[in-house]
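Remarks on the structure that follows.
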Amino acid sequence: MRMSNFFLPTLREEPQDAEIESHKLMLKAALLRKVAAGIYSYLPLGLIALKKVENIIRDEMNKIGAVELLFPAIMPKELWEETGRWFIYGDEMFRLKDRKSREFCLGPTHEEAVVDLARNEMRSYKELPKTLYQIQTKYRDEIRPRFGLIRAREFVMKDAYSFDASDDSLEETYNKIYHAYTEIFKRCGLETIPIEADSGAIGGKVSHEFVVESEVGSESDYVFCPKCHYASNIEAAKSSITAEESSEDTNELTKVETFDFKTIEEVSQFLKVEKSKILKSLLYKLDGEFILALMRGDDELNEIKLKNLFNAKNISQATGEEVLKTMGANVGAIGPVNTKVKIVLDKRIIGMKNFITGANANGYHFLNVNMGRDFKEENIYDIRNVKSGEPCPKCGTPIELRQGIEVGHAFKLGTKYSEKMHATFLDSEGKEQFYIMGCYGIGVGRTLQSVVEQHHDVHGIKWPVSIAPFQVEILPLNSSDSEINNFSEELYLDLTNKGFDTLLDDRLDASAGVKFNDADLIGIPIQLIIGKTFKKDKKIEIKIRETGEKLQLEKGSLELFLKTYFSKELQKLHKNNSRGAI
RNA sequence: CGGGAUGUGGCUCAGCUUGGUAGAGCGCUUGGUUCGGGACUAAGAGGUCGUGGGUCCGAAUCCCACCAUCCCGACCA
């Protein structure tokens, strides 16, 4: 590609709208432009890279026997009513009407579409297992789009859906996908960690997230055990810490005035006690029912755990008014003593004695509150967030808290959707069975941006060869020198003929500095510099973007050098790959 | 939705406190010079200062409302 024909409006200044490096670089290097919050145009360079990621995904999905198809982005309301998700999805779903007022949505995901297809077109266990996938643009009206493609409202996603006849078969499918994902991300140059996760709105039993380690935001918080490599999303991470049995005598319940001190922090300072002696009382509303959640003052509630405990669809903290009405006191003065509201206790408070709680009267707290005596000892579960340094639930080693970007997610769905939509097949005994399903997503744009996030320096992007938009960029430095230009042109045609994806910076009005800087910015792995070195000894100067290394070569030995370099680099992205084709 | 911030030529920003002719750098156009790490020079083009209302003789500047965008939380590939 000649740059004069290409479209590459690189930016000189730091884009004002971008905060994190990868986002800035994608705008600066002319991969992307924003059209609205969370909605982006892919410019040519970005599109090429995106397609490369897509093709790696295709390749690995096809290897495990998955089949590509394409569902519509627009789907009718009726389909989504069958599963109830027309309502469950709420404001996050982009909705629209056609000219006859029939209602549609822009698909945020495609379980409904695939199950509909399966129930109409598949009949027999003989057709199973089957995995279908697509690479599609999805639409979610995110509460807060962020960081460019990391969380967009329109985004490209690869989603796969599996249909199995038995749990064992699903297990096998799931494992194949799991390995394919590991391979996909590795080939993109990303180190990912598979972590145990909550299954969220999609539903289902088992799920794994594939997370790219990154400082960026706190897109996905997870715990990681450095010893046994237990890794879990913070939402799903099990708390294995328990309080020691207190040796204190139980003292008499005492009501004290605490005036306007409300928060755990304030009360602990005012009463001069550790935060851990105070019982945190939070009133929640789960599908309309009020629940008082109790945990140690220095712990945090894990809403997902609480929600899952009651199989609730919706969870929200009670509003100030609801708290007053239900508990008879304001937030900050409530507690479990003398209340009819259902309570849930975090298991870490077992064994604790004489703690402090709100008295359900504004301005007052109780001292020496004790479980069993002052309130019922019931509904004891793990409802807190795990903290850094706590024992790993598997091996006891202190765990680490880490964060990253979730680039993939695999779910075992079971029969959740096939039952709701009555999607069945006949088993070998002629009996009707629900499909046992799984679904598996990869955020393609997000993966692309994660690559940029992990492969850059102060000058720009350093593409892994597997997804670099071009392999080679030729920089003729003095555009008024016909010898340089002619040679560069010749070299360009030669490399292109030999099958190298080559970009020729043939801009006449760009100075050497501009060409160097743009080349580093857009991050093509190999730069071929045609300038002084060429004028002097007819040699090509090679700069390897990844390492900054420079060397000089005769034109005759260039092809071998390039072939060797690219195959070596590609090898690296495959190493540790012991798995053959399945 | 709660908290914080921003909105001025294509881009990055100054001007606003203290109201009075709308600025800079980069980019763009034309000519000349240059040519290995974001060149120099001369001449140009380009903005109803986010939108609407208000105060005032007069508003980019003060007041009100709205909108958009970014950051922190709830949501998620």
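We name chains A, B, ... by the order of the sequence lines, and we start the count at 1 in each one. Atoms considered below: every heavy atom in the structure, side chains included; atoms not considered: hydrogens, waters and symmetry mates. As the structure is a prediction and not an experimental result, all values here were calculated from the model.
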Note to self: Taking the six-membered ring of A/W86 as reference, does the cationic atom of A/R95 (NZ for Lys, CZ for Arg) lie under 6.0 Å from its centre and within 45° of its axis?
What the structure shows: yes
Just to be sure I understand the rule, does A/S511 reach a base, reach only the sugar-phosphate, or reach nothing, if contact means heavy atoms closer than 4.0 Å? sugar-phosphate
Which of B/rC35, B/rA77, B/rU69 is nearest the side chain of A/A36? It is B/rU69
Which of B/rU69, B/rA77, B/rG36 is nearest the side chain of A/E142? It is B/rA77
Aromatic contact, A/H208 with A/Y178 (centres under 6.0 Å): yes
Side-chain N,O (A/R144) to OP1/OP2 (B/rC71) below 4.0 Å: yes
So CD1 of A/I48 and CG of A/L503: to nearest 0.5 Å the spacing works out to 8.5 Å
Atom CD1 of A/I57 and atom P of B/rA77 are separated, to the nearest Å, by 15 Å
Atom CG of A/D509 and atom P of B/rU33 are separated, to the nearest Å, by 16 Å
What contact category does A/A18 fall into here, base, sugar-phosphate, or nothing, at under 4.0 angstrom with non-hydrogen atoms? nothing
Whole-Å distance, A/R12 CZ to B/rC13 C1', equals 16 Å
Picking from B/rG36, B/rC76, B/rC72, the nucleotide nearest the side-chain atoms of A/R140 would be B/rC76
Item to check | B/rC13 OP1/OP2 closer than 4.0 Å to side-chain N/O of A/Q16 | outcome: yes
(Q) Applying a 4.0 Å non-hydrogen cut-off, can you work out what A/N517 is touching in the nucleic acid: base, sugar-phosphate, or nothing? (A) base
Check: A/N478 side chain, B/rG36 base, donor-acceptor under 3.5 Å
no
Side-chain contact check for A/E406: nearest option of B/rG25, B/rA77, B/rG38 is B/rA77
Q. Would you say A/F155 stacks on B/rA77, if stacking means ring centres under 5.5 Å apart and planes within less than 30 degrees?
A. yes
Closest to the side chain of A/M157, out of B/rG37, B/rG38, B/rA77, is B/rA77
To the nearest angstrom, the CZ-C1' distance between A/R507 and B/rC28 comes to 15 Å
Just to be sure I understand the rule, does A/T447 reach a base, reach only the sugar-phosphate, or reach nothing, if contact means heavy atoms closer than 4.0 Å?
nothing
* Strictly under 6.0 Å, is that where the ring centroids of A/F487 and A/Y492 end up? -> no
Kindly say whether A/Q134 contributes a backbone atom to a donor-acceptor pair with the side chain of A/E68 at under 3.5 angstrom? no
Open item on the list: Over all strands shown, is A/K543 touching base, sugar-phosphate only, or nothing at heavy-atom distances under 4.0 angstrom?
Closed with: base
Between CD1 of A/I143 and P of B/rC72 the distance, given in whole Å, is 14 Å
Legend entry - Audit row: A/F470, A/F6, ring pair (Phe, Tyr, Trp, His ring centres under 6.0 Å) steps and yes/no: CA-CA 12 Å; A/F470 295 94; A/F6 204 49; 5.6 Å; yes
With the side chain defined as heavy atoms from C-beta on, A/V514 is closest, among B/rC35, B/rG36, B/rG38, to B/rG38
Taking B/rA77, B/rC72, B/rG37 as options, the one with an atom nearest any side-chain atom of A/R146 is B/rC72
Review point. Counting any heavy atom closer than 4.0 Å, what does A/D518 reach on the DNA or RNA strands: base, sugar-phosphate only, or nothing?
Key: base
A/D481 CG to B/rG36 P, in whole Å, measures 10 Å
A/E154 CD to B/rA77 P, in whole Å, measures 18 Å
The nucleotide from B/rA77, B/rG38, B/rG36 with an atom nearest the side chain of A/K532 is B/rG36
